[in-house]
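Each remark here refers to the structure printed beneath this line.
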Amino acid sequence: MIEPGGFIILSSIGLRLVGVAYSIYLLYQVKDSRFGFFTLMLGLMATRQVLTYRAGASSIDELPGLVVSVLAVLTVYYLSQYVDQETKIKETITSTNERLRTFEKAIEHAGHMIFITEPDGTITYANRAVESVTGYSRGEVIGRDPSLWKSDYHDDSFYADIWETIEAGSIWEGQIVNERKDGAEVWFDMTIAPIVDEDGAVEQYVAVDTDVTEQRERKEQITAQKERLGTLNRTNETLRDVNRNLVEADTRGEIERAVVERFAASEQYTFACLSDRNVGADVVQARDWAGIDEADMEALIEAINAAEEDPISTAARTGAVQITDCESPDAAWCGPWLEKGYRATAAIPLTYGDREYGVLCIGTDHQGAFEDIETAVFAELGETIGYAIDAVQSKEALLTDSVTEIEFQVTEPTFFPAALTGAVGGTMELTWMTPGQGDTFVQYYVVSGMDPEAVEAFVADTPEIGSVEIMTQEEETFHCRFEVLESTIARPVGEYGGDLRSIEAADGTAQVRIHLAPNADVRSVIEGLGTDHESIELLARRETDRPAPTTETARSAIEDRLTDRQREALHTAYIAGFFEWPRGHSGEEIAATMNISQSTFLQHLRAAERKLLSVLLDRDQR
């Protein structure tokens with residue numbers, strides 16, 4: 001049986017052995033050398049206690065040893081708790097450090113430029129992207145402030161607003177333009193956030209810049225494309241309306257009024273006017289306008305005429321579209337235009353073939369209104385308007401009873417009737433003209449007082465005439481058919497919408513009479529013809545009525561010339577199908593019906609046909 005004193009020693013030994021075992025377990029689990037020390041210490045203490053027990057020491061003497069054993073075991077226990085907490089703290093620190101390293105790597109390798117500054121703006125940190133974005137190395141950036149890459153794009157109030165926002169502890173977000181080290185401007189999406197302490201005081205600022213230059217350029221390109229598309233759509237709409245008005249107009253005045261009104265009504269343009277260039281006085285004259293009052297129009301035209309070079313005169317002279325910036329410092333005419341708010345203008349010549357019908361001038365207060373429109377579009381518009389004016393004038397010249405008749409004479413040898421009568425003598429008068437093959441004209445003349453062989457010899461030496469044929473001859477008068485290869489009178493007259501009525505030539509001088517529409521520009525016609533014939537001289541101009549032959553007039557003229565038997569022969573042959581193919585009845589059958597011989601029937605029929613054709617083709621018989 002164990003004595004009470006022995007119980008104390010044994011309890012102390014047991015506690016120390018438990019401590020050794022627990023310390024060994026912890027040493028194995030956490031591999032902390034401090035538990036190895038406690039294992040050794042407790043082992044030595046337990047050995048000493050065992051030796052003391054064998055030596056029979058007093059139990060009272062070992063009471064402090066029991067207390068030490070309890071404290072030693074508690075020390076191992078609390079150390080294990082401390083080591084556990086220490087392990088957790090280490091794991092937390094390790095985890096935090098890992099996250100910080102990951103975060104650092106993310107910041108370092110981020111495509112965005114990230115930098116941190118002191119409250120005064122001094123940069124204390126910048127990631128790698130600062131080099132590629134700004135062109136400055138990190139060594140050049142650290143210790144400086146962001147004004148290093150400040151551009152002149154923004155004013156001082158822009159930067160003052162940024163500082164006011166972040167110094168108040170708020171985040172600033174927006175777009176900013178900075179300047180790279182090489183001087184190139186770069187657009188950024190920028191965020192600046194203050195870093196504050198527990199009291200809310202700003203300790204640092206962190207800024208994140210994202211280069212959005214390419215995105216902005218793409219956006220601007222898309223916006224510009226949309227604007228160009230809108231401009232083209234509005235222009236096309238205006239052109240469609242103008243073309244529709246051209247089709248509906250019956251006179252030149254209606255065409256011109258519709259054109260200027262439609263352009264003036266467009267959102268894209270401000271005013272439009274039509275002008276002529278007075279060659280004699282060498283000045284521009286406004287003929288019609290819209291979107292501008294008369295006083296302003298006169299001021300603009302006065303500025304044009306006072307300048308040595310201007311777009312309207314240049315367009316009229318060259319026949320090319322002139323797109324002009326009214327702010328050009330070299331243009332003397334620009335001042336009054338800018339004062340009235342006009343920043344750009346387009347001068348469009350109205351032409352058809354070799355004819356010009358003035359210049360359409362379009363003014364606008366939008367400087368870039370014409371930038372996205374090809375000049376070919378305006379050139380085609382000018383030709384379309386010119387064609388429409390030419391068409392209505394030609395129609396008026398051919399269909400109206402009232403015409404402008406002009407007479408002029410030509411003496412140049414390049415006009416073959418003048419050259420022929422000058423070289424051979426005699427006279428010649430145009431009786432009929434018609435287009436030939438290709439670009440040729442076939443003209444029939446009554447020639448008097450000329451030797452046919454001399455005429456043929458003249459034609460052989462004249463490259464402008466392809467051939468001549470003597471059709472009929474009565475004493476000194478004969479009919480000639482000329483194939484004219486280059487008609488310097490007939491073709492231009494037709495292109496100007498005129499009707500060539502007569503040509504009479506004698507002794508090297510040809511007198512020509514033509515009909516024009518009542519409102520035709522006689523000056524333009526004479527000037528146009530004068531490009532090939534400098535000697536052209538206007539003899540007379542008069543407003544006259546051109547008798548329009550009616551069906552009844554033609555019928556009366558024919559009936560007055562036909563005998564009864566001729567009229568019967570013609571009528572019977574017509575209703576019997578003699579003129580059809582194949583013939584409904586032969587000449588012999590129709591002659592039998594009329595109870596006459598076939599030769600008599602053909603004689604009456606030929607005489608009737610000749611008289612009928614004389615009414616249609618002989619001007620003197622009309």
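A quick note: this is a predicted structure, and the numbers were derived from the prediction, not measured.
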[X] side chain near [Y] side chain, heavy-atom distance below 4.5 Å:
{"X": "Arg481", "Y": "Tyr444", "value": "yes"}
{"X": "Val260", "Y": "Trp289", "value": "no"}
{"X": "Glu504", "Y": "Arg513", "value": "no"}
{"X": "Val359", "Y": "Ser313", "value": "no"}
{"X": "Thr324", "Y": "Trp333", "value": "yes"}
{"X": "Glu543", "Y": "Thr404", "value": "yes"}
{"X": "Glu298", "Y": "Glu294", "value": "yes"}
{"X": "Cys273", "Y": "Ile292", "value": "no"}

*Glu256 and Tyr357: side-chain contact (heavy atoms from CB on, under 4.5 Å), yes or no, with the steps?*
CA-CA 10 Å; Glu256 294 179 343; Tyr357 293 103; 5.8 Å; no
Is the shortest side-chain N to carboxylate O distance from Arg257 to Glu254 below 4.0 Å?
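Between Glu254 and Arg257 there is no salt bridge, as every charged N stays at least 4.0 Å from the carboxylate O atoms.
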ask   = So, for Ala591 and Phe601, which heavy atoms are closest and what is the spacing to 0.1 Å?
value =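 Closest approach of Ala591 to Phe601, heavy atoms only: CB-CB, 3.9 Å.
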Could you work out, with side chain to side chain donor-acceptor pair (under 3.5 Å) as the rule, every residue matching Glu412, not counting sequence neighbours?
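Ser535.
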**Report entry** Worked verdict on Glu588 versus Gln598 for side chain to side chain donor-acceptor pair (under 3.5 Å)
**Finding:** CA-CA 5 Å; Glu588 184 178 359; Gln598 182 177 0; 5.7 Å; no
For the aromatic rings, using the six-membered ring if either is Trp, is the centroid distance between Phe482 and Tyr445 under 6.0 Å?
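Yes; Tyr445 has its ring centre under 6.0 Å from that of Phe482.
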Next item on the list: Take Phe416 and Val459 through the side-chain contact (heavy atoms from CB on, under 4.5 Å) test and state the conclusion after the steps.
Entry: CA-CA 9 Å; Phe416 91 89; Val459 170; over 6 Å; no
- Roughly how far, to the nearest 0.5 Å, is OG1 of Thr351 from CD1 of Ile385?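 Answer for the CD1-OG1 pair, Ile385 versus Thr351, is 10.0 Å.
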Residues His479, Val446; criterion side-chain contact (heavy atoms from CB on, under 4.5 Å); working and verdict | CA-CA 5 Å; His479 286 80; Val446 175; 3.4 Å; yes
Query raised in the report: Are the side chain of Thr364 and the backbone of Thr270 linked by a donor-acceptor contact shorter than 3.5 Å?
Result: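 Such a contact is absent between Thr364 side chain and Thr270 backbone.
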- Query: Going by the angle between their ring planes, with limits at 30° and 60°, are Trp337 and Tyr342 parallel, tilted or perpendicular?
  - Reply: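 Rings of Trp337 and Tyr342: perpendicular, over 60°.
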Could you pull out all donor-acceptor pairs under 3.5 Å where a side-chain atom in residues 419-427 meets a protein atom, sequence neighbours excluded?
unit_1 : atom_1 : unit_2 : atom_2 : d
Thr421 : OG1    : Pro417 : O      : 2.9
Thr421 : OG1    : Ala418 : O      : 3.2
Thr421 : OG1    : Gly508 : N      : 3.0

- Query: Under 3.5 Å, is there a donor-acceptor pair linking the side chains of Ser448 and Thr477?
  - Reply: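 There is such a pair between these side chains.
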